Amino acid sequence: MNNNPIGIFDSGVGGLTVLNALSKVAPTESILYLGDTARVPYGNKSKEKIQEFSYEITKWLVSQGCKLIIVACNTASSLALKKLQGIFSIPIIGVIEPGVTAAINATKNNKIVVLGTHATINSDIYKRTIKIENQTISVISRACPLFVPLVEEGMITGQIPQSIANLYLGDIKSTKSDTIILGCTHYPLLKDIIKNTFQSEITLIDSGEVTAYYVSQLLESKQLITDNKKVEINCFVTDSVGPFKNIASKFVNVKIDSFNKIDLK
Ligand code: DGL
């Protein structure tokens, strides 16, 4: 038993999709969420910067007593996870491997599409991880950078996001891939738009959702589950609380106990 909170971090609001998923599969766990809103987006930053920011955040979450940390940000999972795991002794879980496992289990024709930020796609981590598991799977990777600001603006339905999805994904349709990994925190909010683009049976893998499930299993196997009577969900951001709070109401269906601004330096 361990009653300490689970830490979740992201470059901004997107990781709230993971917070949401985790509070569904592990409703008795307290969560401490950190969104690095002062430095978002990570998706077009260098590996060095992403590692530096991820280190600062992880150090802070550890100092707050987190028993396990989820790197909800796909970009940070792609470029900083291994480094963090080498430095800190608590379990640190990224979203790549659970997403890959779910996609490999889902595909029937061995054709997987991976969508993510520039940094995630350029790291090639999804493709490499898939190939380690199964050489015969073909992988098409595509950066969809405009999806993030669309979601931040709440533009998740209608013509504008649909046109952008068609532009990014239109040519992938002919590959007849049957599984898509949504390799970015924000993309699950565009599920309907992405599905429409393909207009055929396609399985979308929400990497945050499968990671939340994976973590709930891990807590049990490592005997880290809580017997807390009082569940607390507290959010911290590195810039003003207001805009985060507004967007949070669109992403999250659970009660958040507090919103706070912190300075990581
Ligand atoms: N959280 C990032 C990710 O999942 C998307 C937003 C950003 O670029 O920082 O890759």
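As the structure is a computational prediction, the values presented were derived from the model and not from experiment. Positions are given from 1 along the sequence.
Side-chain contact between Val13 and Leu16: present, with at least one pair of heavy atoms (C-beta onward) separated by less than 4.5 Å. The shortest distance between side-chain heavy atoms of Val148 and Cys184 falls below 4.5 Å. Counting heavy atoms from C-beta outward, Asn260 and Val237 have side chains that stay 4.5 Å or more apart. Within the 4.5 Å cutoff, the side chain of Val95 has no heavy atoms near those of the Leu81 side chain. A heavy-atom distance below 4.5 Å is not found between the side chains of Leu167 and Ser163. Residues Ile194 and Leu204 are in side-chain contact: their nearest non-hydrogen atoms beyond the backbone lie under 4.5 Å apart. Looking at Lys173 and Thr197, their side chains never come closer than 4.5 Å, going by heavy atoms from C-beta outward. Looking at Val113 and Thr179, their side chains never come closer than 4.5 Å, going by heavy atoms from C-beta outward.
At a threshold of 4.5 Å between side-chain heavy atoms, the hydrophobic network of Ile, Leu, Val, Met, Phe, Trp and Tyr places Val215 and Val254 in one connected group. When the side chains of ILVMFWY residues are joined at heavy-atom separations under 4.5 Å, either directly or via intervening members, Ile156 and Leu19 end up in a single hydrophobic cluster. Neither Phe53 nor Val40 shares a network with the other; the hydrophobic side chains, linked directly or stepwise wherever heavy atoms of I, L, V, M, F, W or Y lie under 4.5 Å apart, form separate groups for each. Leu34 and Leu22 are not part of a single hydrophobic cluster, where members link through side-chain heavy atoms under 4.5 Å apart. Put simply, Ile262 and Phe259 are part of two different groups of oily side chains (I, L, V, M, F, W, Y) that touch within less than 4.5 Å, one to the next.
Looking only at atom types and distance, the side chain of Asp206 has no donor-acceptor partner in the side chain of Tyr187 under 3.5 Å away. There is no side-chain donor-acceptor pair under 3.5 Å between Glu97 and Thr129. Side-chain polar atoms of Asp36 and Thr238 form a donor-acceptor pair below 3.5 angstrom. Using modelled atom types, one finds no donor on one side chain facing an acceptor on the other under 3.5 Å when comparing Thr75 with Ser78.
The nearest pair of heavy atoms linking Ala76 to Ile50 is CA-CG2, 3.8 Å. Here the closest non-hydrogen pair linking Gly208 and Val18 is CA-CG2, 3.7 Å. Of all heavy-atom pairs spanning Gly65 and Pro5, the tightest one is O-CD, 4.1 Å. Nearest heavy-atom pair, Ser177 versus Thr175, reported as atom, atom and distance to 0.1 Å: OG-OG1, 2.9 Å. Scanning all heavy atoms of the two residues, the minimum distance from Lys195 to Ile202 falls at CE-O, 3.4 Å. Taking every heavy atom of both residues into account, Ser77 and Ile125 meet most closely at O-CD1, 4.5 Å.
Looking at Glu29 and Lys67, a side-chain N of the basic residue comes within less than 4.0 Å of a carboxylate O on the acidic one, giving a salt bridge. A salt bridge does not link Glu201 to Lys108: none of the charged nitrogens lies less than 4.0 Å from a carboxylate oxygen.
Remark: Tyr168 engages Cys144, Pro145, Leu146, Phe147, Ile164 in a side chain to side chain contact (heavy atoms under 4.5 Å, CB included) (not counting sequence neighbours). Residues that satisfy the side chain to side chain contact (heavy atoms under 4.5 Å, CB included) test with Asp257, not counting sequence neighbours, are Glu232, Ile233, Asn234, Lys255. Shown here are the side chain to side chain contact (heavy atoms under 4.5 Å, CB included) partners of Asp227, two or more places apart in sequence or in another chain: Met1, Asn3. By the ring pair (Phe, Tyr, Trp, His ring centres under 6.0 Å) test, Phe236 is found to be paired with Trp60, residues two or more places apart in sequence or in another chain being considered. Judged as a side-chain hydrogen bond (donor to acceptor under 3.5 Å, both in side chains), and not counting sequence neighbours, the contacts of Asp171 are Arg142.
Applying the ring pair (Phe, Tyr, Trp, His ring centres under 6.0 Å) rule to pairs touching residues 197-221 yields nothing, sequence neighbours excluded.
Residue Glu133 holds its CD atom at 6.0 Å from OG1 of Thr101, rounded to the nearest 0.5 Å. Note that the CG atom of Leu79 and the NZ atom of Lys49 stand 14.5 Å from one another [nearest 0.5 Å]. Here the CG atom belonging to Leu169 is positioned 11.0 Å from the CD1 atom belonging to Ile193, to the nearest 0.5 angstrom. With rounding to the nearest 0.5 angstrom, the NZ atom of Lys59 is 10.5 Å from the CD1 atom of Ile87. Distance check, rounded to the nearest 0.5 Å: CD1 of Ile92 to CZ of Phe88 gives 6.0 Å. Atom CG of residue Asn110 and atom CG of residue Asp178 lie 8.0 Å apart, to the nearest 0.5 angstrom.
Looking at Thr37, its side chain does come within 3.5 Å of a backbone N or O of Asp239 through a donor-acceptor pair. With hydrogens and angles ignored, the 3.5 Å screen pairs no side-chain donor or acceptor of Asn166 with any backbone N or O of Gly170. Formation of a donor-acceptor pair under 3.5 Å by the Asp10 side chain with backbone atoms of Gly15 is found in this model. The backbone N or O of Val25 lies less than 3.5 Å from no partner atom in the side chain of Ser216, so there is not a single donor-acceptor pair. The backbone N or O of Asn253 sits less than 3.5 Å from a side-chain atom of Asn20, completing a donor-acceptor pair.
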query = Does the side-chain contact (heavy atoms from CB on, under 4.5 Å) test come out yes or no for Ile93 and Val71, once each step is laid out?
reply = CA-CA 6 Å; Ile93 313 300; Val71 183; over 6 Å; no
key: Verdict with reasoning, Ser207 to Asn74, per side-chain contact (heavy atoms from CB on, under 4.5 Å)   = CA-CA 9 Å; Ser207 53; Asn74 281 257; 3.5 Å; yes
request  = Take Arg39 and Glu56, measure what salt bridge (charged side-chain N to carboxylate O under 4.0 Å, His left out) needs, and give me the verdict at the end.
outcome  = CA-CA 12 Å; Arg39 302 186 288 198; Glu56 283 171 10; 2.9 Å; yes
query = What's the verdict on side-chain contact (heavy atoms from CB on, under 4.5 Å) for Ser141 and Tyr126, showing C-alpha distance, side-chain angles and the deciding distance?
reply = CA-CA 8 Å; Ser141 306; Tyr126 272 107; 5.8 Å; no
message = Let's go through Thr120 and Val114 carefully: what are the C-alpha distance in whole Å and the side-chain angles of both, what is the deciding distance for side-chain contact (heavy atoms from CB on, under 4.5 Å) to 0.1 Å, and is it a yes or a no?
response = CA-CA 10 Å; Thr120 298; Val114 178; 5.7 Å; no
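Applying the 6.0 Å contact sphere to NZ of Lys176 captures no more than 12 heavy atoms from other residues, nucleotides or ligands. Within a 6.0 Å radius of CG in Asp192, no more than 12 heavy atoms belonging to other residues, nucleotides or ligands are found. By the neighbour-count criterion of 12 heavy atoms within 6.0 Å, atom CD of Glu52 is densely surrounded, having more than that number from other residues, nucleotides or ligands. Summarising the local packing, NZ of Lys131 is surrounded by more than 12 heavy atoms from other residues, nucleotides or ligands at distances under 6.0 Å.
Annotation: Tyr33 is not in aromatic contact with Phe9 [ring centroid separation under 6.0 Å not met].
Screening Leu68, Ile31, Thr211, Ile69 for a side chain to side chain contact (heavy atoms under 4.5 Å, CB included) involving Ile8 leaves a single residue, Ile31.
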